[in-house]
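Down below is the structure, laid out as structure tokens.
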Amino acid sequence: QVQVVESGGGLVQTGDSLRLSCTTSGRTFPTYVLGWFRQAPGKERAFVAAVTWNGGNTMYSDSVKGRFTVSRDAAKNTAYLQMDSLKPEDTAVYYCGVTTGLLNIAAKMPKTYHSWGQGTQVTVSS
């Protein structure tokens, strides 16, 4: 069982930056992948970014590529989502999850994730 806790959300203005954190605990394996998703009101949970457990490989959705950076600090059991040049359409609840699937096959699919955090709200005002 893996416990996941997100933090760092808040209210910012268009063009601002924000960094989300995702701390994991419990039994984990070096083959895990950590993913960030977001869910806006009335919409399905959507993939944002993912990183391998050792932090060596990453993947992004087209909507955030070039603006967001995902990383993981293994020593701190914490992953980060650095969000720059934020837009109002980035407003959502952001979730962090853990999957045993491969980065380039399963990371984009929420159904492959077995552990989720409670989410953290990000609101970008125009």
Side-chain angles (χ1 to χ4, degrees):
Q1 187 77 12
V2 181
Q3 291 75 46
V4 181
V5 179
E6 307 99 333
S7 62
L11 172 63
V12 296
Q13 296 184 335
T14 298
D16 284 352
S17 297
L18 203 59
R19 189 178 79 161
L20 305 182
S21 299
C22 174
T23 301
T24 56
S25 59
R27 187 177 184 184
T28 61
F29 295 91
T31 54
Y32 283 178
V33 168
L34 187 144
W36 285 98
F37 288 74
R38 64 188 181 187
Q39 190 165 16
K43 295 188 177 181
E44 294 185 350
R45 192 166 295 191
F47 172 75
V48 175
V51 59
T52 51
W53 210 243
N54 64 2
N57 292 286
T58 58
M59 178 183 292
Y60 298 92
S61 68
D62 289 342
S63 62
V64 306
K65 196 174 296 183
R67 298 189 298 123
F68 290 12
T69 303
V70 62
S71 62
R72 188 175 183 273
D73 185 336
K76 296 182 178 180
N77 290 321
T78 300
Y80 304 97
L81 185 66
Q82 176 66 41
M83 305 184 294
D84 298 321
S85 303
L86 282 163
K87 305 174 182 180
E89 50 263 45
D90 295 317
T91 295
V93 177
Y94 283 70
Y95 296 92
C96 177
V98 176
T99 178
T100 57
L102 297 176
L103 180 68
N104 59 348
I105 296 177
K108 292 185 177 181
M109 298 183 289
K111 64 181 181 181
T112 69
Y113 286 72
H114 57 75
S115 299
W116 291 98
Q118 80 290 348
T120 185
Q121 176 72 45
V122 173
T123 303
V124 185
S125 64
S126 58

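Index from 1, following the sequence. Small disclaimer: the values here were computed from a predicted structure and weren't measured.
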Under the side-chain hydrogen bond (donor to acceptor under 3.5 Å, both in side chains) criterion, do Thr78 and Ser21 qualify, and how do the steps go? CA-CA 7 Å; Thr78 300; Ser21 299; over 6 Å; no

Using the side chain to side chain contact (heavy atoms under 4.5 Å, CB included) rule, take Thr100 and Thr31 through it: C-alpha gap first, then chi angles, then the decisive distance, then the call. CA-CA 7 Å; Thr100 57; Thr31 54; 5.9 Å; no

Criterion side chain to side chain contact (heavy atoms under 4.5 Å, CB included) on Tyr60 and Val48, from CA distance to verdict: CA-CA 6 Å; Tyr60 298 92; Val48 175; over 6 Å; no

Does Leu86 form a side chain to side chain contact (heavy atoms under 4.5 Å, CB included) with Phe68? I'd like the steps, not just the answer. CA-CA 9 Å; Leu86 282 163; Phe68 290 12; 3.8 Å; yes

Could you please spell out the steps behind the side chain to side chain contact (heavy atoms under 4.5 Å, CB included) verdict for Met59 and Asn104? CA-CA 8 Å; Met59 178 183 292; Asn104 59 348; 4.1 Å; yes

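Of the N and O atoms on the side chains of Thr123 and Gln121, at least one donor lies less than 3.5 Å from an acceptor on the other residue. No side-chain donor-acceptor contact under 3.5 Å links Ser126 and Thr14. For the residue pair Ser17 / Asp84, a side-chain donor-acceptor distance below 3.5 Å is found, with atom types taken as modelled.
Scanning both residues, Arg72 and Thr24, for their nearest heavy atoms gives NH2-OG1, 3.9 Å.
Judged by distance alone, with hydrogens and angles left aside, the side-chain atoms of Thr58 form no donor-acceptor pair with the main-chain N or O of Thr52 at under 3.5 Å. In this structure, Gln82 contributes its side chain and Val70 its backbone to no donor-acceptor pair below 3.5 Å. Under the 3.5 Å distance criterion, the side-chain polar atoms of Glu6 are matched with a main-chain donor or acceptor of Gln118. A side-chain donor-acceptor contact under 3.5 Å links Thr99 to the backbone of Thr112.
Side-chain atoms of Thr120 and Leu20, non-hydrogen and from C-beta on, do get closer than 4.5 Å to each other. The shortest distance between side-chain heavy atoms of His114 and Val98 falls below 4.5 Å.
Val33 is not connected to Trp53 by any chain of hydrophobic side-chain contacts under 4.5 Å among Ile, Leu, Val, Met, Phe, Trp and Tyr, and they are in different clusters.
Residues passing the side-chain contact (heavy atoms from CB on, under 4.5 Å) test with Ser25, sequence neighbours excluded: Gln3.
Counting only residues at least two apart or in different chains, salt bridge (Lys or Arg N to Asp or Glu O under 4.0 Å) contacts with residues 25-54 comprise Arg38-Asp90. Under the disulfide bond (SG atoms under 2.5 Å apart) criterion, the residue pairs touching residues 3-71 are Cys22-Cys96, with sequence neighbours excluded.
In this structure, the ring of Tyr113 has its center less than 6.0 angstrom from the ring center of Phe37. Side-chain rings of Phe47 and Trp36 stay apart, their centers remaining 6.0 Å or farther from each other.
Using cut-offs of 30° and 60° for the angle between ring planes, the Trp116 and Tyr95 rings count as perpendicular.
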